[in-house]
Novice: 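Pasting a structure below so you can have a look.
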2 protein chains.
Amino acid sequence: MYSEGMSTQERLVEATRELLWERGYVGTSPKAILQRAGVGQGSMYHHFTGKQDLALAAIRRTGEELRAAVDRLLDTDTSAYARIEAYLLRERDVLRGCPVGRLTMDPDVIADPELRAPVDETIAYIEGRLAAIVQEGVDSGEFAPRLVPAEIAATVLATVQGGYVLARASGATEAFDGAVRGLLSLLAP
Amino acid sequence: MYSEGMSTQERLVEATRELLWERGYVGTSPKAILQRAGVGQGSMYHHFTGKQDLALAAIRRTGEELRAAVDRLLDTDTSAYARIEAYLLRERDVLRGCPVGRLTMDPDVIADPELRAPVDETIAYIEGRLAAIVQEGVDSGEFAPRLVPAEIAATVLATVQGGYVLARASGATEAFDGAVRGLLSLLAP
DNA sequence: GTCTATATGTGGATAGAC
DNA sequence: GTCTATCCACATATAGAC
């Protein structure tokens, strides 16, 4: 139940991040968080004002980590296609879905501007990075000039997010892989 | 609150369908269903064994309707590209998301084989219809022979499902439209 | 068939002791 | 800072009257 060196706040945020990923905001109760974190009720309300506040910290951290991971993946000295491919083929726990994208199906997250903000920012950031790479590819002649970078970036991101949906519906990762391969075949120079 | 000619069962199923779309399975309580349907507690447990049973009826009906709508859209005597385009440009309430796809993010739906089955069947059905159309296009020379129909079908469906995610994250339909246009530009003969 | 009453647990949060 | 006790409302279901 987390390492010894982890502070109570950290344990609470980590437990919340896991539960938000697994069950979403609506499906996550303070009680479940406390049990997973191994702390008492009082600690949670000492460090955070409540469920929303704790979820906010958790979502922000998840967004930061995802953006950092994407940066590591895309900051390479390779062709535009190779970087888009690297993004699409990134190792993923497909059946768990995207820890950020899944929150968009949570009515209470979407209804709360504070909770939606870090979700929006993270997705917009990745879209922006992908668009810049497509633009490079268009400029260098690697991609057809008729491609609109912002649109292709949205298509790439949507294919990944939708791939999770197909995979979870079928209970198998195959559909995700198929969608990605299909897109790569359409993008292939 | 629904027409006079609607039976109690129908009212319950309709109310459940709406709530599942808006709030998902975890976020929908029997109480909320009863209030929306305008019936008492006893009626629900007379016609259905409980929340799961009612949700099952609701999901099945939503799946049937979606498959029928897709059939109407795709049963036209036009080119393969035109039919894929028609599917992608279908009029949608983008910010509400897909009434079937959103259920894949519901942990209690995915964990219950009975509830997941109609979700899986509906998505598999649409994928199959799209794949057959792509196959036609490949056979007729409309699409490049290197395209794998099942993969392209998955890409098309994933772009739509992921488009909902992008749109809901940003709170605007633009990202959905961008993803669709990007895919159409890649598919264009 | 439909209603109201009731039951048990949980959701989300506060109070106050240590 | 952390714990336990307590609070009120809701979630989900059953019982039994009409």
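Letters A, B, ... mirror the listed sequences (proteins, then strands); counts begin at 1.
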Novice: If you count heavy atoms of other groups shown closer than 6.0 angstrom to CD of B:E174, is the number above 12?
Specialist: no
Novice: Between B:E14 and B:A37, is there a donor-acceptor pair closer than 3.5 Å when you use the side chain of the first and the backbone of the second?
Specialist: no
Novice: Indicate whether any N or O donor in one side chain lies under 3.5 Å from an N or O acceptor in the other, for B:R23 and B:T28.
Specialist: no
Novice: Is it possible for you to check whether A:R96 lies under 6.0 Å from the centre of the six-membered ring of A:F176, through NZ or CZ, and within 45° of that ring's axis?
Specialist: no
Novice: I'd like to know if B:D75 pairs up with B:R83 as an ion pair, taking the criterion as any Lys NZ or Arg NE/NH1/NH2 lying under 4.0 Å from an Asp or Glu carboxylate oxygen.
Specialist: no
Novice: State whether A:T8 places a side-chain N or O below 4.0 Å from either non-bridging phosphate oxygen (OP1 or OP2) of D:dG1.
Specialist: no
Novice: Provide, to the nearest angstrom, the distance between the NE2 atom belonging to A:H46 and the C1' atom belonging to C:dA15.
Specialist: 15 Å
Novice: So, is A:H47 near the phosphate of D:dT2, with a side-chain N or O under 4.0 Å from OP1 or OP2?
Specialist: yes
Novice: Treating primed atoms plus P, OP1 and OP2 as sugar-phosphate and everything else as base, which nucleotides of nucleotides 13-18 of chain D get B, S or - for protein heavy atoms under 4.0 Å?
Specialist: BB----
Novice: Nearest-Å distance, CG (A:L12) to C1' (D:dG1)?
Specialist: 12 Å
Novice: Out of D:dG1, D:dA11, C:dT10, which nucleotide sits closest to the side chain of B:K31?
Specialist: D:dA11
Novice: Rounded to the nearest Å, what distance is computed from the OH atom of residue A:Y25 to the P atom of nucleotide C:dG11?
Specialist: 13 Å
Novice: Round to the nearest Å and state the distance from A:L19 atom CG to C:dG12 atom C1'.
Specialist: 15 Å
Novice: With respect to the phosphate group of D:dC3, does any side-chain polar atom (N or O) of A:S43 fall under 4.0 Å of OP1 or OP2?
Specialist: yes
Novice: Using atom CG of B:L54 as one end and atom C1' of D:dT12 as the other, report the distance to the nearest whole Å.
Specialist: 13 Å
Novice: Is the NZ or CZ atom of A:R17 positioned over A:Y2's six-membered ring, under 6.0 angstrom from the centre and within 45° of the axis?
Specialist: no
